[in-house]
Protein chains: 2
Amino acid sequence: MAASTLTEVARLAGVSPATASRVLNGSARTPGPDIAERVRRAADSLGYIPNAQAQGLAKSSSGLIGLIVHDIADPYFSAIARGVQTAARHQNKMVLLATTAGSPADERAAVAAFAARRADSIVIAGSRSARTADRQGNAELAAELDRYCRNGGQVGVVGHAVVGAESDEGYHVVEVPNEELAAELARELAVSRAGEFVIIAGPEGLLTSDDRVRGFQRGLADAGFPPADVLHTGFDRTGGYEAGMELAAHIGAHGGNGEAGTDAPAPQRLCIFAVNDVMAIGATAALRSQGLRVPRDAAIAGFDDIETLRDFRPALSTVRLPLEEIGRLAVPAGSGPAAAGAVAVTGEVTLRRSTEPGGEPAS
Amino acid sequence: MAASTLTEVARLAGVSPATASRVLNGSARTPGPDIAERVRRAADSLGYIPNAQAQGLAKSSSGLIGLIVHDIADPYFSAIARGVQTAARHQNKMVLLATTAGSPADERAAVAAFAARRADSIVIAGSRSARTADRQGNAELAAELDRYCRNGGQVGVVGHAVVGAESDEGYHVVEVPNEELAAELARELAVSRAGEFVIIAGPEGLLTSDDRVRGFQRGLADAGFPPADVLHTGFDRTGGYEAGMELAAHIGAHGGNGEAGTDAPAPQRLCIFAVNDVMAIGATAALRSQGLRVPRDAAIAGFDDIETLRDFRPALSTVRLPLEEIGRLAVPAGSGPAAAGAVAVTGEVTLRRSTEPGGEPAS
DNA sequence: AAGCAGCGGGAATGCGCTTTCCCGGTCCAT
DNA sequence: ATGGACCGGGAAAGCGCATTCCCGCTGCTT
């Protein structure tokens, strides 16, 4: 038994398909109430479900929103995804998911696939990369997006405008002040600290990471500190862990406080800024594995304020980003192409125990 | 400039649309190489992207996999989603996401929406509820799923078979031995423990929660312990937190060790089993907020072994579930309806610091 | 009373693609 | 040399729906 069609419903109700269509989907013209009732009854006696593909073909619009993330299991992206999902629901559309691990080529492919499905809009959440190796990929991605826009698509971008986009038509960006917030974080950390700073960053060229690094350095400069060393590594927990191991060796070697037993706080406690929370957690785990304690032997701060990580101890100093709201804002308004432009969100520096000046153990 | 069509490509290449179709999409019949080349050239000079809706209509299949979760931002679901996404990629399909907060009505609607889009298969990940309030909703959900299957759809279910499904046709379930694993966890906890046990469960009727509770009680019985008290609460961090507060009051009242200052271990330390990790973390946070320490003042175990939570300290005893693999297995094989049946995964009890017998503080 | 706007309904067309069917031409076997 | 199998290509018929156009009707105006 194949799914029943509008025509079958119409026949059962004794009307034309046109009429059935008019009553079952919001049309400008509503047939008489008696007829309407008959059609409706026929429809659900047959368990009629409109074929969205056919509707889409006929109306050329699909009720789909494409979402591109690096990894849906990453809490940063899943929080954004939740916001996107919420917005989609309000527009009653469905979201189509693509994960790309940040590869421009995959992202291009995802955009093409969304375009093929005639998605009404697409949201691209992962941060772009400016590495020269990705130059070509980025250009192709931009071209694909431009074409999508020219064909009437709307694209929402979180973070930065797409590099190399030709026009503003149809682009809608949610601006996240990564740089400013990182600067503010640096300044706030600087007031109560005399030690050295070091930054655990993502791969060079990853825009979000670069922005946060730049901002942090600027904040340090504002506070009269010299630039921090920067360790480039993976943008995930593993990257953070590796960098953390490296730093642990460093601290052990001349922090003067290498052994867990020695209880005197290091005179010049290192202050680590990991460009995202997940990396910060990885780094913390690494330090801990080497017998170092946070914040006693090193202070550490992250970025994003991932919800799942809020119960982590020592509580992580970070910058709270309204991730879910960002997701919500990133999806272009359903109505009209007038929605292009930019919207800004803001975050909040949140200092917690992981960077407290006194390194004494407590609960 | 609207997106270009197959017909335009064909005209440019000087062939018929039929031929163009044959070369551009895998057809049994491949036209001659010269013609093929001409068509291909025309296609990408026009930047042709096939209209997936039209293709779907014509072939009646869509290359879509529907995924239903309670909340995509919940790490449990996002891990599964990653697996689903991986499998989808292998079948080169895209995944359509729906979040329902566990409401059977929403799930029914999601199934209908997927059916409307002619999704090739749908994966339903959230655990079903057996509450009487949901009785009707469940029945409707089952009916909708049955209809979907009858129309040729494949459904993959994680955890339990859908309650009330009429036939096995098209259902494919990934069995998660929640009950057995919970029993094993209980037994392993019991060997080194004399204290009282208590269970923080989800809402009554939530199948996954019920199974884990039942299993845990059985394991306790196997080890010669009396049944544990069960606290029903929300299936999320907040629920865990609330239950944790309640237990904290209890411990404070007669655990004899209410004040954080008193260092003597409680003689009868409570052992808490939260039916999932996120709840366990919430409960731990609650205890901690009351000056109680884990595992000194209470032992605590969770379930799932959520990746993001692995760096949590004290390391959480839990049952590791191969979430991503579960997601991967849940998507029905692309080929044929022969895939119906069940597949089983297994987990592993993982005892860590949060339930260590000696409650002494350490790193 | 004749004419016209307005309305409720149906017939027909097209959205972009796949696929069956058909047709002219080769190449082989008899 | 001739019939048939075979192959490369095109014409055309849908897939399921929205929508435009059209037609017959009622109710109003002058």
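Here the structure is a predicted model, which means the values were calculated and not measured. Throughout, protein chains are lettered first and strands after them, A, B, ... in sequence-line order, and every chain is numbered starting at 1.
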Under 3.5 Å, which N/O atoms of the protein pair with N/O atoms of nucleotides 10-14 of chain D?
from   : atom 1 : to    : atom 2 : distance (Å)
D:dG10 : OP2    : B:S16 : N      : 3.2
D:dG10 : OP2    : B:S16 : OG     : 3.2
D:dG10 : OP2    : B:T19 : OG1    : 2.3
D:dG10 : N7     : B:R22 : NH2    : 2.9
D:dG10 : O6     : B:R22 : NH2    : 3.2

inquiry  = Please find the pair of heavy atoms, one from A:A113 and one from B:M94, that lie closest to each other, and give the distance.
reply    = CB-SD, 3.7 Å

key: Distance, rounded to the nearest Å, where A:N25 contributes CG and D:dT19 contributes P   = 9 Å

key: Partners meeting side chain to side chain donor-acceptor pair (under 3.5 Å) with B:E325 (sequence neighbours left out)   = none

query = From the 5' end of DNA chain C to its 3' end, which nucleotides mark the outer limits of contact with chain B, defined by a 4.0 Å heavy-atom distance cut-off (strictly under)?
reply = C:dG16 to C:dC21

note = In whole angstroms, the gap separating P of D:dC17 from CZ of A:R11 amounts to 12 Å

key: Those residues of residues 45-54 of chain A lying under 4.0 Å from DNA chain D by at least one heavy atom   = A:Y48, A:P50, A:N51, A:A54

task = May I ask you to say what B:S60 touches in the nucleic acid, namely base, sugar-phosphate or nothing, with a heavy-atom cut-off under 4.0 Å?
result = nothing

query = Does the side chain of B:L64 reach to within under 4.5 Å of the side chain of A:R117, using non-hydrogen atoms?
reply = yes

Listed pairs under 3.5 Å, donor-acceptor, residues 79-87 of chain A side chains, sequence neighbours left out:
from  : atom 1 : to     : atom 2 : distance (Å)
A:R82 : NE     : B:D71  : OD1    : 3.2
A:R82 : NH1    : A:E324 : OE1    : 3.3
A:R82 : NH2    : B:D71  : OD2    : 2.6
A:T86 : OG1    : A:R82  : O      : 2.9

inquiry  = Distance alone, cut at 3.5 Å: any donor-acceptor contact between the side chains of A:S103 and A:T100?
reply    = no

ask   = Under the ring pair (Phe, Tyr, Trp, His ring centres under 6.0 Å) rule, what pairs show up with a residue in residues 52-73 of chain A, not counting sequence neighbours?
value = A:H70-A:F77

